[in-house]
Amino acid sequence: MEKSQVDMSLYDRGMDMGASFIHHPDENNAIVKLHQQFNLPMLDWNNTRWAVVRENDSMPYNQARVDAASAKVDKAFEAVLNLSSTLQRDVSVYTALRHLHQYQLIDDPLSQTFVAEQEFFYGSTINYLSAKYLFDGYMENEAPDTPDKIPAFGYTKMLDRIIQSSPDDTPLNILLDHEVTEVNVQEDKRVIIKCRNGQIYEADAVIVTLPLGVLKANDVKFTPDLSTKKKGAIKRVGFGTINKFALEFSHRFWSKDTQQMTVAPQDIADRGKFSILITFHTVANKPVVMTYAVSQFGEDSEMLSDKELKDIGNQAC
Ligand SMILES: Cc1cc2nc3c(=O)[nH]c(=O)nc-3n(C[C@H](O)[C@H](O)[C@H](O)COP(=O)(O)OP(=O)(O)OC[C@H]3O[C@@H](n4cnc5c(N)ncnc54)[C@H](O)[C@@H]3O)c2cc1C
């Protein structure tokens, strides 16, 4: 539940530290169904209501230039998608863009903002993203006719309700601070689970939902060992780093209806530094925006102190 923790320090409803959005919230979406079942309110979020705050300091924002930059980046990614199936050997999206002579066309600060947006959706920088296995699934899922929703009180409320609502009215027993170190399947199929704090549990079955990074680091010993197929997949699949921040302003400088803003970086090296701003005034009842460290900055931000991050946020916005 790590990415479903809520930080209550900024506003009453609390900000989810991980997921905030319910994507593709149609009637088949399990998260939507749970919110309805528990009578938990969801807010509408329409990602088409966006504005560019600043293209750069010397050039005023111009909608035509913004649209052209966004279209150029879409076209460049489409070219990579078309190349994907013909690739014998995997290369990064960055290499593919260069090979296709597309990167040169999007090598300016405004276009790089939209590259950062793609990296945000894919969850990694184009230097690490696979060109061979690039998919456009998220685009289908982000159809404009199904705008995202936001759990009004954060994802944690839903988890609280799940914990409280087991069929026999006994709250689910969630054990915090129990880092699993071993999952041991016995000959009689019973499973022994060992934790770093010395606790040992026995179960009929386990469902393992460990993050990929933990599996890659071999932090948990499985007996018998995981299959070669599973180990191969764990080795091959990668992931990137995205960090999320909330910025509170002295007043709301965006219109009431604006739900996403974009700040183009001054320098292309700053791509991903808080360039995507999601307005949260309707959720927070305060002039708050949610922003992300993506691209290479996603990774770099892990090493920075709160003060350094605050300074970068102030400069970027
Ligand atoms: C900044 C950010 C924003 C996001 N925004 C959205 C969004 O708006 N909408 C959306 O749908 N998704 C979003 N996501 C993605 C979403 O958070 C993840 O897809 C989701 O959390 C994955 O759930 P999970 O249970 O697989 O992994 P996790 O949420 O990572 O949970 C894994 C759990 O395993 C625990 N664990 C690790 N090792 C051990 C061990 N040895 N023993 C016991 N427990 C262990 C961890 O502490 C953690 O609690 C976002 C992610 C991030 C990082």
Side-chain angles (χ1 to χ4, degrees), residues 1-7 14-26 29-35 42-47 116-117 119-125 137-138 141-142 146-156 158-159 162-163 172-184 191-201 203 206-222 226 233-234 237-247 259-260 272 274 276-280 283 289-295 297-299 301-302 309:
M1 280 195 289
E2 201 164 72
K3 296 202 196 100
S4 303
Q5 281 175 7
V6 170
D7 184 336
M15 186 178 125
D16 277 301
M17 289 165 73
S20 285
F21 294 100
I22 306 174
H23 300 297
H24 211 48
D26 60 21
N29 186 311
I31 306 277
V32 170
K33 282 187 191 166
L34 283 165
H35 275 75
M42 292 173 282
L43 305 172
D44 289 327
W45 193 81
N46 185 341
N47 55 3
E117 195 173 62
E119 294 177 318
F120 171 53
F121 284 123
Y122 283 111
S124 182
T125 99
Y138 86 83
N141 287 342
E142 298 285 315
T146 52
D148 289 346
K149 287 193 184 294
I150 297 176
F153 295 98
Y155 266 93
T156 311
M158 179 191 77
L159 292 173
I162 293 173
I163 291 166
L172 291 178
N173 189 12
I174 309 274
L175 302 171
L176 298 175
D177 296 323
H178 280 60
E179 184 188 339
V180 173
T181 51
E182 272 183 55
V183 177
N184 201 325
V191 191
I192 305 287
I193 300 124
K194 292 190 181 166
C195 300
R196 196 170 300 282
N197 61 8
Q199 297 288 343
I200 298 177
Y201 298 91
V206 285
I207 297 173
V208 176
T209 64
L210 290 165
L212 186 56
V214 173
L215 294 171
K216 273 183 183 294
N218 282 319
D219 279 352
V220 178
K221 184 171 184 287
F222 291 94
L226 295 179
I234 290 167
V237 177
F239 56 84
T241 308
I242 292 180
N243 274 312
K244 179 168 156 183
F245 302 87
L247 305 177
Q259 296 202 301
Q260 180 173 326
F274 304 143
I276 301 159
L277 303 173
I278 301 204
T279 67
F280 246 49
V283 183
V289 297
M290 204 166 75
T291 182
Y292 300 90
V294 298
S295 314
F297 183 59
E299 200 99 343
S301 65
E302 297 267 297
L309 287 163

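Just so you know, ligand 1 is whichever comes first in the structure, and atom 1 is the first atom listed for that ligand. In this chain, numbering begins with 1 at the start of the sequence shown.
The part of His178 lying near ligand 1 is the backbone, judged by heavy-atom distances below 4.0 Å.
Some N or O of Ser20 is nearer than 3.5 Å to an N or O of ligand 1, by distance alone. Below 3.5 Å of separation, one finds an N or O of Val180 facing an N or O of ligand 1.
Which parts of ligand 1 touch Phe21 is read off a 4.0 Å heavy-atom cut-off, strictly below it: atoms 7 (C), 8 (O), 9 (N), 10 (C), 11 (O). Taking a cut-off of under 4.0 Å to the non-hydrogen atoms of Glu179, the atoms of ligand 1 that pass are 40 (C), 41 (N), 42 (N). Interface atoms of ligand 1 facing Lys244, defined by a heavy-atom separation under 4.0 Å, are 1 (C).
The residue from Gly213, Gly18, Ala19 that puts a heavy atom closest to atom 16 (C) of ligand 1 is Ala19.
Using a 4.5 Å cut-off on side-chain heavy atoms (C-beta onward), Met158 and Pro151 make no contact.
Residues satisfying the salt bridge (Lys or Arg N to Asp or Glu O under 4.0 Å) test with Asp219, not counting sequence neighbours, are none.
Applying side chain to side chain contact (heavy atoms under 4.5 Å, CB included) to Val206 and the options Val180, Val183, Asn184 leaves one that passes, Val183. Ser301 pairs with exactly one of Asn243, Ile242, Val294, Thr241 by the side chain to side chain contact (heavy atoms under 4.5 Å, CB included) rule, that one being Asn243.
At least one heavy atom of Leu210 lies less than 4.0 angstrom from ligand 1.
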Donor-acceptor pairs under 3.5 angstrom involving side-chain atoms of residues 191-201: please list them, not counting sequence neighbours.
{"residue": "Arg196", "atom": "NE", "partner": "Glu179", "partner atom": "OE1", "Å": "3.3"}
{"residue": "Arg196", "atom": "NE", "partner": "Glu179", "partner atom": "OE2", "Å": "3.3"}
{"residue": "Arg196", "atom": "NH2", "partner": "Glu179", "partner atom": "OE2", "Å": "3.2"}
{"residue": "Asn197", "atom": "OD1", "partner": "Gln199", "partner atom": "N", "Å": "3.0"}
{"residue": "Asn197", "atom": "ND2", "partner": "Asp177", "partner atom": "O", "Å": "3.2"}
{"residue": "Tyr201", "atom": "OH", "partner": "His178", "partner atom": "NE2", "Å": "3.0"}

key: Residues Leu215, Val220; criterion side-chain contact (heavy atoms from CB on, under 4.5 Å); working and verdict   = CA-CA 7 Å; Leu215 294 171; Val220 178; 5.8 Å; no
